[in-house]
Enquirer: 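Let me begin by handing over the structure; questions about it come next.
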Amino acid sequence: MTIQDTIYLSDYTPFGFIVEDVHLTFKLAPTTTRVISRIRFAPNPDSPSRDFFLHGEGLNLQWAKVDGADVTPEIIKGGLRCDVPDAAFTWECEVEIDPQGNTALEGLYMSNGMYCTQCEAEGFRNITFYPDRPDVMSKFTVRIEGDSPVLLSNGNPVDSGDGWAEWHDPWPKPAYLFALVAGDLRNFPGSFTTMSGRDVELNLWVRPGDEGKCAFGMEALKKSMTWDEETYGREYDLDIFNIVAVDDFNMGAMENKGLNIFNSAVVLASPETSTDSNFERIEAIIAHEYFHNWTGNRITCRDWFQLCLKEGLTVFRDQQFTGDMRGHAVKRINDVVTLRSRQFREDSGPLAHPPRPDQFVEINNFYTVTVYEKGAEVINMLKHLVGDDGYKKALDLYFARHDGDAATIEDWLQVFEDATGRDLTQFKHWYTDAGTPHLKVTDNFENGTYTLNFTQETAPTPGQDEKPARVIPIAVGLLNPNGDEVVPTQILEMTEAAQSYSFEGLNAKPVPSILRGFSAPVVLERETSATEQAFMLAHDTDPFNKWEAGHALTREVLINMTQGGTPDQGLLDGLAAVARDHSLDPAFRALALALPGQDNIASTLAARDITPDPDKIWRALQTLKQAVAQHLQDIWPRLLAEMATPGPYSPDAEPAGKRALHGVALSYLSQIDGGASAENAYASAGNMTEQLSALACLLSVEKGQDELAAFRKQWQNDRLVMDKWFGLQVSYASPQTCVETAQRLSQDDDFNWKNPNRFRAVFGALMMHHAGFHRADGAGYDLLADWLIKLDPVNGQISARMSTGYETWKRYDAARQAKARAALERINATPDLSRNLGEMVTRILGA
Ligand code: PHE
Ligand code: ZN
């Protein structure tokens, strides 16, 4: 990447014109769609610039007019320039585009004969010439002409007739929220009455045949609408809300105003075809996109550096929602597991960047776990610091002050300062600095006073050597040696590099429960003993730290086993106690009995300057799984019986939690019964959760070939279930066969590699199979490189995203590093690499 390709936050200037309104006419045809635009511009009083530059890419300009007179704009790289009057004027032009040939799935493209759009972040410039930047907001009127029975765009329907429809969106919006859909779609209808009594028409649009998979999504939408009214006082603001499911989509879903577009994998659901985690994810994503209507659409981002303004906040809101719907303890544990496995990994490697970056080459590469998940964690910390009331006041002020704005992180923090009187200067480092702080703790007890001594340190990240101390809210509670809580949770506010806190008047040295609820996204380091961890697993009143104690204990045992140790008796007894404890929620027990992922062990070792050996990690996990399976052998059959969920399937948290624990029991039991129970479970499975979990158990003990064939036969016409069929075989292959399995599946007739879901099913599973992908002979690195090179000209967004498989390459031994480097350099040497993949590989190699 050359330096000129880099875009800097510090270069921000407003656009020289305001857009008063936009009229678009689409004449749809698969390879020759015409887009006619009529846009009213006026000089922007807030900008001295009169440079009339419009973005545009891959557009075939037919003609252009200014105030009705023909003009010949200068076509330049990435857009056009034109002389315009020094007063308000009307710009008109017609372009031709080729939706059928658009395989990148950005702009207007076709999926199974249906037209659809994806404009975030910079896709609108593939549709027509326009100032394609989020701070340019305008009202859109859209006319669609085409022979599809269903013609949709943003806002409210105005009028329609045979072969045409018109839509008007009364809310000014940036071009990235534009959407259009046309196709032969079926409608699953619903309705909602808002808190002020307005009736809203709801529709879920799907391909013929998918009508039976809509009911759950529709309910989730209604729940989201109610929740946002009750929790944030936010009401919906159009007469109609449409959701469309498409099969070819780069991401999860998109919050286009009044016309959300979803990857069909995250909206279509039925008990027969979707697992419990699918249901939970669908509910969360529907909520997420709906919540964007306020946090993203009514208040948008000034520029793409501010992406976490809408994404961090909207993730935080959808996490609150899921907690309210399904239970906060389990939700928090799941969120932290994701954060650690993906964001901590990103934050400690070559791709580390702050939630608000200050430079980028390709914005699509910044839709990251750091922007999304860490962006949400930063808000969680803010809420701890200002309290629930402060948070509510700040959010009310945010909506009141910034409705209709394209805002910044500075605006967001100002609202918290004004609403609560706090100075957030130091807090801002969470937005501007990359890297995960390591928090070290020691303690001492003297004359009834217990003291905790903290130090914080953040390692340098690419381009950022200086790491000033952060504000860290540390939630702490103290337990007595008998297990009672002596000091309930309180928030310690750490602001210095080193700081101590004392608790007086204690009779005995307490056991500290630190970072309860994971109150800050940091790595906690504390010398502790297996006995103390087992004690916390048994007694901590904070559900997150209770889980954390068991998790940390298991991780230490595993690390010890990679260095030649054996399974620890205390751990086995602790797990047995949890498994048997009927007072604990089954979903919690399932999480507590799950073993840490291999990448988690590898990253822990790397942080301690020990080179991780993927094969040893794999073997340690296999050995521990066996040991747990045997030690608890009479518990598993009992759990299978107790956790059965007979009767009609419900995706609610309670039965889903039972199925989760049932699945864990089955997987341990399979380790010792040769797969016999899993074969029975597969044969009697009544829903996809049971069917898939039984199949996974069989594959992990190298059985299940007959079931795999039967599964394919049963589900060959369901593309979403077939994605599972592809993915499962790679995920549950042994380290020795994983690459060959991926290779074989990539030759299958049903491996439609241009479909992002199918590509990810196989190659996402490969890159996440730690011991398989990091195989010593480099076969994993090579196979992924082959396919990224092949995919890149077709879809650079997906090839770039999947290149993160290599982001940890510097952790491993010299021989593996050499093989990974060779694969990365081979990708880098490929002619005409997309800007997306080019930037990623440059950054990863720069490690
Ligand atoms: N804005 C979408 C979301 O988080 C994600 C997305 C980004 C989708 C870019 C498509 C393209 O909800
Ligand atoms: Zn989002």
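Counting convention: from 1, in listed order, for ligands and their atoms alike.
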Enquirer: Between Y115 and T33, is the side chain to side chain donor-acceptor pair (under 3.5 Å) condition met? List the steps.
Expert: CA-CA 10 Å; Y115 295 85; T33 286; 4.8 Å; no

Enquirer: Just to confirm my output: which protein heavy-atom neighbour is closest to atom 9 (C) of ligand 1, and how far is it?
Expert: E120 O, 3.6 Å

Enquirer: Between ligand 1 and Q118, is the shortest N or O to N or O distance under 3.5 Å?
Expert: no

Enquirer: Is ligand 1 less than 4.0 angstrom away from at least one heavy atom of H292?
Expert: yes

Enquirer: Could you point out which residue of E283, E229, E230 forms a salt bridge (Lys or Arg N to Asp or Glu O under 4.0 Å) with K223?
Expert: E283

Enquirer: Give me the nearest non-hydrogen protein atom to atom 5 (C) of ligand 1 as residue plus atom name, then the distance to 0.1 Å.
Expert: Y372 OH, 3.3 Å

Enquirer: Just go through E255, Q797, M251 and tell me whose heavy atom is the nearest to atom 6 (C) of ligand 1.
Expert: M251

Enquirer: For N154 and W167, does a side-chain donor sit closer than 3.5 Å to a side-chain acceptor?
Expert: no

Enquirer: Heavy atom under 4.0 Å from ligand 1: found in A253's side chain, backbone, both, or neither?
Expert: backbone

Enquirer: Suppose I only count heavy atoms of K310 and a 4.0 Å limit; which atoms of ligand 1 are within that range?
Expert: 1 (N)

Enquirer: How about N203 and E201: does a side-chain donor come under 3.5 Å of a side-chain acceptor?
Expert: yes

Enquirer: Under 3.5 Å, is there a donor on one side chain and an acceptor on the other for D247 and N755?
Expert: no

Enquirer: What I want to check is whether the side chains of W227 and Y232 have a donor and an acceptor closer together than 3.5 Å.
Expert: no

Enquirer: Between D403 and Y398, does any side-chain donor sit less than 3.5 Å from a side-chain acceptor?
Expert: no

Enquirer: Please determine if E289 has a nitrogen or oxygen closer than 3.5 Å to a nitrogen or oxygen of ligand 1.
Expert: yes

Enquirer: Looking only at N, O or S atoms in E311, which is nearest to the Zn ion (ligand 2)?
Expert: OE1

